Amino acid sequence: MQKDKVKIILGVIGADCHAVGNKILDHALTAAGFDVVNLGVLVPQKDFVNAAIETDAKAILVASLYGHGEIDCRGLRDMCREAGIGDILLYVGGNLVVGKTDFAAVEAKFKEMGYDRVYAPGTLPDKVIADLKHDLAQRGLLHG
Amino acid sequence: MQKDKVKIILGVIGADCHAVGNKILDHALTAAGFDVVNLGVLVPQKDFVNAAIETDAKAILVASLYGHGEIDCRGLRDMCREAGIGDILLYVGGNLVVGKTDFAAVEAKFKEMGYDRVYAPGTLPDKVIADLKHDLAQRGLLHG
Amino acid sequence: MELKNKKWTHDEFYAVRAEVLKQWPTGQDVDFDEAIKYHENIPANRQFAKRLVKAKQNGETLTQPRAGVALIDDHIELLNFLKKEGEADLLPTTIDSYTRQNQYKEAQHGIEESLRAGRSLLNGFPAVNHGVAGVRKVVENVDAPLQVRHGTPDARLLAEITLAGGFTSYEGGGISYNIPYAKSVSLEKTILDWQYCDRLVGIYAEHGIEINREPFGPLTGTLVPPSISHAVAIIEGILAAEQGVKNITLGYGQCGNLIQDVAAIKALEALAEEYFAKHGYTDCVLTTVFHQWMGGFPQDEAKAFAVISWGAAAAALAKATKVIVKTPHEALGIPTKEANAQGLRATKQMINMLRDQPFPLTKEVEAEIEIIKAETRCLLDKVFELGGGDYAVGTVRAFAAGVLDVPFAPSKFNLNKILPARDNNGAVRLFDVGNLPFTQDIIDFHRAKIEERGKAEGRSPSFQMVIDDIYAISNGRLVGRPR
Amino acid sequence: MELKNKKWTHDEFYAVRAEVLKQWPTGQDVDFDEAIKYHENIPANRQFAKRLVKAKQNGETLTQPRAGVALIDDHIELLNFLKKEGEADLLPTTIDSYTRQNQYKEAQHGIEESLRAGRSLLNGFPAVNHGVAGVRKVVENVDAPLQVRHGTPDARLLAEITLAGGFTSYEGGGISYNIPYAKSVSLEKTILDWQYCDRLVGIYAEHGIEINREPFGPLTGTLVPPSISHAVAIIEGILAAEQGVKNITLGYGQCGNLIQDVAAIKALEALAEEYFAKHGYTDCVLTTVFHQWMGGFPQDEAKAFAVISWGAAAAALAKATKVIVKTPHEALGIPTKEANAQGLRATKQMINMLRDQPFPLTKEVEAEIEIIKAETRCLLDKVFELGGGDYAVGTVRAFAAGVLDVPFAPSKFNLNKILPARDNNGAVRLFDVGNLPFTQDIIDFHRAKIEERGKAEGRSPSFQMVIDDIYAISNGRLVGRPR
């Protein structure tokens, strides 16, 4: 019997409606063998958490392209903890802050907020897929 | 009887052969009422001094467009002094040094070398003419 | 209220208006009669409509940036900087994303956090929260025509406040601010809500105040074929004209192939005049706006300057009335004001160098104009037919049927069945025409163009080709060739 | 030696050579046989001629900067930076101005001052002073095809040393490195001296080593009508081919009007093939180089990027084989290496975006090609006639008579009688045709074009119009309209 594919939650957080990257990531992750639950754009924090619980997902991939990431993304890790999925993989990427900022500072800030990986603008899907496979394998969650 | 026009020496110093600005400046200065002795391009320091003595010129306008200005222009004031025209007006302008440099620093350096006025790249002839009229008038050399 | 393309009566309008002005406390400060008087004192050089008409007459292409920050004084400083250092002809006020979703509490929170942080944590100016007085502070301290730019499905209160505040141009539309900007708001609702905005502008016009309106041309900004954005622009233009709008700017986002981009602007002008005349909207002044490349940018600023410059060149050669300018920071998020001014200055230099050079109407341009016109007519006429002679009704049915279909749109009311890709010369074509009501000739044309490219690249057209095209410009090319 | 366009015998060449190699001590280190062996080991990817042929076949436009500093290690670092950070396809070594005037003592002084100052006080690389070994250090530490770029009326010793050092391309010519680069050197002398350089390249070719040669296309870089620079380029090409050169790149400096620029490259290719075939030089491979705007630049870097980008666009649309790139520091003097790389990256991005877009051969382009061809033929045929069937002799007589006349040139052997100005679309025309041997039709064409502009501007054509045109681009426009 074939093992179930790993489920991952995908969505663009907050009041952000940038859909292009979301559609491409969906396509690329699906092609890479993941079972993608794509919440699309304009997704509140609680919808990410609820979807992860309902589908037993192993990772949440949050995108924020419009510069409000700092406000929108804060507290998601806490909400996961409160919902009993405190150790789920949390990735975030996009144009996370307003204005040109040193990416290392942005990365540090979002890591402190509880995100496992933070991606700069322009990151290609391949990089995210490779990281995801690595992190899931380390946790023994990836079925060869 | 009409007063003689003020004579000024014009030339591009050193191994520089940029002719366009030289021709335009010649035209503009002549139109402004000066008697222009244009030595053209590739002019050694001594030719500026000799021409000034021969024509009894009141100012020497040196251009340097190719970045060697620092080497080429050094010592011209001394050579004027030695030739007995130490107080002649000396102007210099163009792309005076190799590399992008703070213009204020360039100006200070060339003023220390004995130039009365130092022009940044892109200075229009009108500005030079106005300065020349002002400086000559101050010295009582400009006939209304 | 039942959706149809018919001018709202004053009674219909004022009944809704009472509700709109209650959506947030600042709505209470809107006083229409006082606003009319306020507009009567705005000098001609700050009136958007007048500046556009003058530019159209003179064959100018005006420059306009995007810009907006959370706090009033900072916003004023930003706009004045872009005018002075960027030499911008027209100025925007970009609205933050919370306001666009009518989340005024979150916007308030953003204002407060911005005050604390000493920098803008909002990606735009929360005009509703600042209210009429706050908006007027901006209007009175910036000496240029000002436009509201946003992406707001329900922009009624925002329109009331910014127009009463003295703005003279308002971007958006019931389709163009829904399909690319919302997930689950129905088209019936957004078209009605935008009829309200258009009717408001129409009532201003009845009082002698001319406000410019601009449907958002580029839609998702990603490989949108000209005929699709043209059909949407012309429908929104007609819906606006029906409500009494007299000055409309129709938009188009650069595709990247010069022939197609020049042809697109020419076709848009001709088609809009044709359809406006056909439906009796003859007293409306039409102008065009060209958006510099809306897709992914190279991260390198020097390369970004080339992308910006190419957009400026295409806008100037196409003789668009204005151009919306990108910045060398585009790939990195919201730009600094310095980068914004750099994009403007590069654009201005290019436009000025090209203003004396008309692009010849070659047979290639003419052929492209013809195909865009033919496609757009297929779309518009089918929408009109589906609506039983009503573009508003027809639009809702057309999106449901995939007769109108916008690539990569987030809205669930968009069928998402078409797939665009570039042809071998970089023009945007359709790899899958979905349910678009094209003639067989047109369908064959697209198929042949895509096949020609596939052959040149030695691969069958697939979704990978589309992905390659999306990332192509940021990787330095127009056509996403296989690596 | 009497000047004529005839291949030098080996005896003639070696007699002169003995003198040339004595001009500076480093000349003694040149060993031709050893140099041939050295060249035989240069890999194909570093050979200029081969890279150009490949680009021509593939329809590529290659990028090349200008760059040179006083000291060897700094120069190597600079070139590698431009390859890595600027993505340059071809690399130069720009020679300093003292070396160009054969002032090797002053160059030595510049090297020493640069060592002391810790920065380059020379505006280029003094290759003669560094000698064969020094040049080879550069060649061996830079993995790209390398060309000598300069402006040297008597470039014989420089050619001996740099070619023996392993350079695979050499810019210049007896006209193009005299008229714009010297004041009182006769054309007889420079044409003879460049026959020497060409003969040297020809002897390399006889030994199986293919060196690319490139006459300097833009001349004074200031409002030079295409037919004048084309006539000079083709004459220099023919003079080179007669001496046995087999790989020649003909150049043209951007005028700024796209139609004229595209037409100029097309006309240059066609005319060169025609005249080379007519005179029996059939085994010579011809390619083209397009120089980005050579006139005054805006001081602002963002605006400079637009000028650079427009030059890149014109080069790509015209399908020139390579483009010589300017930098955003152009108005400020010699650029930093970072600025140089930025200009290269912007150019690369533009070329790549446009590589799939052929510019249509419109009737406007065709008309412009025809006028350029007709003018160039008038010039070339008259030169040939004046020389009694000899282009070398004819050139000297043509310049004396003003049959060839380069605007704004410093040389006293140039008549300086013609005056160029832009027409109303920005194309470069002649306001005064001087003594150019044009037909009445062509003279009338130029007069009509200039009158059309004068009328549009409400002023009579005058020298002021020419001055306005010269400053126009740096002030943000192409045509110098009255203020």
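Chain letters run A, B, ... following the sequence lines, proteins first and then strands; every chain starts at 1. Model, not experiment: these values are computed from the prediction.
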Would you mind checking which part of [X] comes under 4.5 Å of any heavy atom in chain A, side chain (CB onward), backbone (N, CA, C, O), both or neither?
| X | result |
| --- | --- |
| C/S97 | both |
| C/A339 | neither |
| C/F463 | side chain |
| C/P407 | neither |

Donor on one side chain, acceptor on other, [X] and [Y], under 3.5 Å:
| X | Y | value |
| --- | --- | --- |
| A/Y115 | A/E107 | no |
| C/T99 | C/D96 | yes |
| C/D405 | C/N416 | no |

(request) Residue by residue, scan residues 77-85 of chain A and write down, ordered by number, those that have a heavy-atom distance under 4.5 Å to chain C; if none do, write 'none'. (result) none
(message) Pair C/E113, A/R74 - check salt bridge (charged side-chain N to carboxylate O under 4.0 Å, His left out), show working.
(response) CA-CA 13 Å; C/E113 284 221 24; A/R74 201 179 291 149; 3.3 Å; yes
(request) Without swapping roles, check the side chain of C/H329 against the backbone of C/I334 for a donor-acceptor pair under 3.5 Å. (result) no
(request) With a 4.5 Å cut-off on heavy-atom pairs, point out which of C/Q101, C/K183, C/H109 contacts chain A the most. (result) C/K183
(message) Could you measure the distance from the CG atom of A/N22 to the CG atom of A/D16? Nearest 0.5 Å is fine.
(response) 10.0 Å
(request) Would you mind checking if A/R139 and A/D87 are paired as a salt bridge, meaning a charged N to carboxylate O distance below 4.0 Å? (result) no
(request) Check step by step if salt bridge (charged side-chain N to carboxylate O under 4.0 Å, His left out) holds for A/K58 and A/D56. (result) CA-CA 7 Å; A/K58 304 302 179 216; A/D56 189 27; 3.2 Å; yes
